[in-house]
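Working notes for the structure below.
Protein chains get the first letters and strands the later ones, always in sequence-line order, with residue 1 at the start of each.
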Amino acid sequence: MINPRVLAEDPELVKTHLRRRHADESVISTVDEIVELQTTRKTHVLERDDLRATRNSSSKQIGALFKAGKGAEAGEMKAAVTAGNDRIKVLEAELDVIEARMHDLAMHLPNLLHDTVPAGKTEDDNPVERTWGDIPTFDFTPQAHVEVGAKLGILDLERSTKLTGARFAILRGMGARMERALINFFLDLHTGEHGHTEVMVPYMVHAHVAEGTGQLPKFADDMFKLAGKVNGEDAYLIPTAEIPVTNIHREEILDIDKLPIKFACFTPCFRSEAGSAGRDVRGIIRQHQFHKVEMVWLTTPERAEADHHQMVDHAETALKRLGIPYRVVRHCGGEVSFAAHKCFDLEAWLPSQDNYREISSVSWFTDFQSRRMKMRFRPAPVEGKKQKPRLVHTLNGSGLAVGRTMVAILENYQQADGSVIIPEALRPYMGGIERLVPPAE
RNA sequence: GGAGUCGUGACCGAGUGGCCGAAGGUGCCGGAUUGCUAAUCCGGUGUAGUGCAAGCUACCGAGGGUUCGAAUCCCUCCGACUCCGCCA
C-alpha cells in the first residue's frame with residue numbers, strides 16, 4: 001500500500017507515477033476519491049473521539065455520584081451519555097463504510113516507481129543493462145527443449161495431459177534427477193555462499209496473507225483458489241514462495257541487528273495463467289505448476305537499494321556457474337509489477353527462440369508490502385533514546401526458476417547427436433555424469 | 001472426531017466491572033558506584049490516530065453483545081496446549 005500521507009499531501013505525485021505505469025484513467029481518478037474520503041473520515045473521527053472523551057469523563061463522575069448517594073443526578077448524566085452513544089454509533093457505522101471503501105481503493109493502487117524506472121509500456125521497451133556469456137553457435141539446427149527432452153526420454157508432455165491436461169509435464173529418469181539437482185545446486189549456492197537461511201513453508205496461504213504481498217485483491221484470477229476453507233479462511237495455492245516467505249515476520253517488530261534477514265526457499269509454484277492462453281503453449285516454459293528457488297530479504301530503507309543490486313548479483317551467479325548466456329534488463333514503467341518499486345529481470349538465451357527469455361525477476365518493494373503486513377523494525381537508539389519502529393523494506397528474486405533453467409541447459413548444451421552436456425557445476429548433483437545421451441532405438 | 005485447559009506489552013507473568021495502557025519481573029537505554037568482569041542502586045522504556053503543545057482517542061487473540069462504564073460478564077470465530085481415538 002502507498003503511504004496514505006503521500007496520498008493526502010501530494011495526490012498529483014501519485015497520479016504521475018500511475019501514468020508512468022500506463023494505468024487506466026479509471027484507476028488514476030480513484031486517487032481523488034481516496035483524498036476526499038480521507039477528509040470526511042477525519043471530521044468523523046474527530047467528532048467521535050470528542051464524544052468518547054465526554055463519555056469517559058461522565059462515566060467516572062457517574063460512579064462517584066452513585067458512591068455519594070446522589071442517584072438522581074447520576075441518572076440525568078446517564079441519559080446524556082446514552083444520547084452521545086447513539087451519535088457515536090451513527091458515526092461509527094458511517095466510518096465503517098468510508099474506511100472500507102478507502103481501504104479497497106488503496107489496496108488496488110500499485111506502488112510508486114523509482115526515479116530510474118525508464119519510460120515504456122511493454123517488455124520491448126525494457127532497456128538492456130548488460131549481457132554475459134557467449135551465445136553458442138551450432139553446426140546443426142538447434143532443437144527446442146521439447147524435442148531435445150523427448151529424444152532423451154526425460155520429458156514427457158503427452159502423458160501428463162492424461163493427468164491434468166495442458167501446461168503440466170512429467171519428468172522421467174535423468175530429467176527428474178536434473179530438476180532435483182538444480183534445486184539442490186541453487187539452495188547450496190544461496191545458503192553456503194550467499195548467506196541465506198533456508199526455509200520450507202506452506203504451499204497454501206490464507207487470503208489475507210496474499211494481500212500482504214499484493215497478489216490480492218487485484219490478481220485473484222492468476223491463482224488457484226482452494227474449494228474448501230483452510231482453518232476457516234479462504235486459501236490459495238502459492239504462485240510464488242514470495243507470499244509465504246515474505247509474510248513470515250508479518251505483524252512483528254524486528255531487531256535492527258537481525259537485518260537484513262535473508263531467506264532462500266524452494267517451493268512448487270501454481271499459476272492459473274489466466275489471460276495467457278495461446279502463449280508458450282509448447283514445452284515447459286509456462287506451466288500451471290513449476291519449481292522455483294526464491295530469495296526473500298527483509299531489510300532497512302537505507303540498505304534496500306544496494307541490497308537489491310546484490311540480490312541481482314546472486315541470481316546472476318547461479319547462471320554464470322551453469323554457463324548459461326544471459327542478459328539483465330531493467331523493467332520500464334509499464335512492466336514493473338503491481339507491488340514493485342523497481343525491478344530487474346534476468347533473461348537466459350534460448351537458441352530455439354533465437355532470443356532471451358525471463359528466468360529470474362528481482363524486485364524491490366520499498367515499504368509497500370510491509371505496510372500491508374505491518375512488518376517493522378526498531379532502529380538503533382539515538383543518544384540513548386529508543387526510536388520508533390519503522391517499516392522494513394522487502395526484496396525478492398528468483399534464484400532461479402528451475403524448469404526454465406532446465407530448458408536453457410537442454411537448449412544451450414545440446415549436441416548434434418542429441419546428447420546434452422551437463423554443466424560442470426551441476427555434475428556433483430547428478431552422480432558425476434557428464435552428459436545425457438539418448439537411449440538406443 | 002471426543003474431553004479439557006488457555007490466549008495480556010519485545011519476553012515472562014498479575015489482574016475483584018470504574019482508581020488498568022494495565023502490578024511485578026526479564027530484557028533494553030541512560031546515570032551512579034565499583035581496579036576489569038560480575039553485582040548493586042536510581043531513572044526511563046508499547047503501538048497508532050489527532051493536536052503547536054498540554055492533552056484527547058483506540059488497542060489486553062478476532063468480531064459481536066450487555067452496561068452510564070468491559071482486559072474483567074455473555075455469544076461466535078480463530079489459535080495454542082494436554083489426554084483419548086484415528087492416521088501419512
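The distance between atom CD1 of A:I88 and atom P of B:G65, rounded to the nearest whole Å, is 13 Å. Distance, A:L95 CG to B:A58 P: 14 Å, rounded to whole Å. Straight-line distance from the CD atom of A:E233 to the P atom of B:U76: 21 Å, rounded to whole Å. Straight-line distance from the CD atom of A:E92 to the C1' atom of B:G64: 13 Å, rounded to whole Å. Rounded to a whole Å, the CZ atom of A:R390 is 19 Å from the C1' atom of B:A10. In this structure, CG of A:D257 is placed 13 Å from C1' of B:A10, rounded to the nearest angstrom. Following rounding to the nearest Å, A:H206 (NE2) and B:A62 (P) show an atom-to-atom distance of 17 Å. Distance, A:R55 CZ to B:U57 P: 10 Å, rounded to whole Å.
Aromatic ring centroids of A:F368 and A:F338 lie under 6.0 Å apart. Between A:H393 and A:H308, the distance from one ring center to the other does not fall under 6.0 angstrom.
Separating the C1' atom of B:G64 from that of B:G1 is a span of 29 Å, rounded to the nearest Å. Distance noted for atom C1' between B:C81 and B:U33: 46 Å (whole Å). For B:A10 and B:G2, the P atoms lie 36 Å apart once the distance is rounded to whole Å. A gap of 16 Å separates the P atoms of B:G61 and B:G21, to the nearest Å. For the P atoms, the distance from B:G24 to B:G15 is 15 Å, rounded to whole Å. The same atom, C1', is picked in B:A23 and in B:C12; the two are 14 Å apart, to the nearest Å. Comparing B:U72 with B:A3, their C1' atoms sit 27 Å apart, to the nearest whole Å. Atom name P, nucleotides B:C56 and B:C41: the rounded distance is 34 Å, in whole Å.
Atom CE of A:M77 is surrounded by more than 12 heavy atoms from other residues, nucleotides or ligands within 6.0 Å. Counted within 6.0 Å of CD on A:E47, heavy atoms from surrounding residues, nucleotides or ligands total more than 12; the atom is thus considered enclosed. Counting non-hydrogen atoms of other residues, nucleotides and ligands closer than 6.0 Å to CZ of A:R177 gives a total above 12. Heavy atoms from other residues, nucleotides or ligands lying under 6.0 Å from CZ of A:R159 number 12 at most.
Contacts of residues 207-216 of chain A with RNA chain B (heavy atom under 4.0 Å): none. The stretch residues 74-82 of chain A touches RNA chain B through A:K78, A:V81, A:T82, each having a heavy atom under 4.0 angstrom from the strand.
Checking the phosphate oxygens (OP1, OP2) of B:G69, no side-chain nitrogen or oxygen of A:N56 falls inside 4.0 Å. Taking only side-chain nitrogens and oxygens, A:R378 never comes nearer than 4.0 Å to OP1 or OP2 of B:U45.
A:R376 comes within 4.0 angstrom of sugar-phosphate atoms only, judged by non-hydrogen atoms across all strands, and of no base. Contacts of A:L46 with the nucleic acid, taken as non-hydrogen atoms under 4.0 Å apart, involve only primed sugar atoms and P, OP1 or OP2. Across all strands shown, A:R5 has heavy atoms under 4.0 Å from sugar-phosphate atoms exclusively, and none from any base.
The distance from the OG atom of A:S360 to the CZ atom of A:R404 is 10.5 Å, given to the nearest 0.5 Å. Taken from CD in A:E198 to CG in A:D188, the straight-line distance is 8.0 Å, to the nearest 0.5 Å.
Under a 3.5 Å cut-off, the side chain of A:R321 and the backbone N or O of A:F185 do not form any donor-acceptor pair.
Among A:N3, A:I34, A:L7, the single residue meeting the side-chain contact (heavy atoms from CB on, under 4.5 Å) criterion with A:V14 is A:L7. Of the residues listed (A:V27, A:I28, A:D10), the one engaging A:K15 in a side-chain contact (heavy atoms from CB on, under 4.5 Å) is A:I28, and it is the only one.
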Begin with the C-alpha distance, continue with both residues' side-chain angles, and end with the deciding distance and a verdict on ring-ring contact (aromatic ring centres under 6.0 Å, His included) for A:H206 and A:Y236. CA-CA 7 Å; A:H206 278 154; A:Y236 295 81; over 10 Å; no

Could you spell out the base pairing of RNA chain B in dot-bracket, with Watson-Crick or G-U pairs whose two distances are under 3.5 Å, [ ] crossing and | to another strand? ((((((((.[[[..)..(.....]]]((((((.......))))))(((((....))))).[[[[[..)....]]]]])))))))....

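With the nearest nucleotide of RNA chain B identified for both A:R41 and A:D49, A:R41 has the one nearer the 5' end. Comparing A:K89 and A:K42 along RNA chain B, the residue whose closest nucleotide (by nearest heavy atom) sits nearer the 5' end is A:K42.
Taking the six-membered ring where the residue is Trp, A:F224 and A:H288 present perpendicular rings, their angle passing 60° and hence far from 30°.
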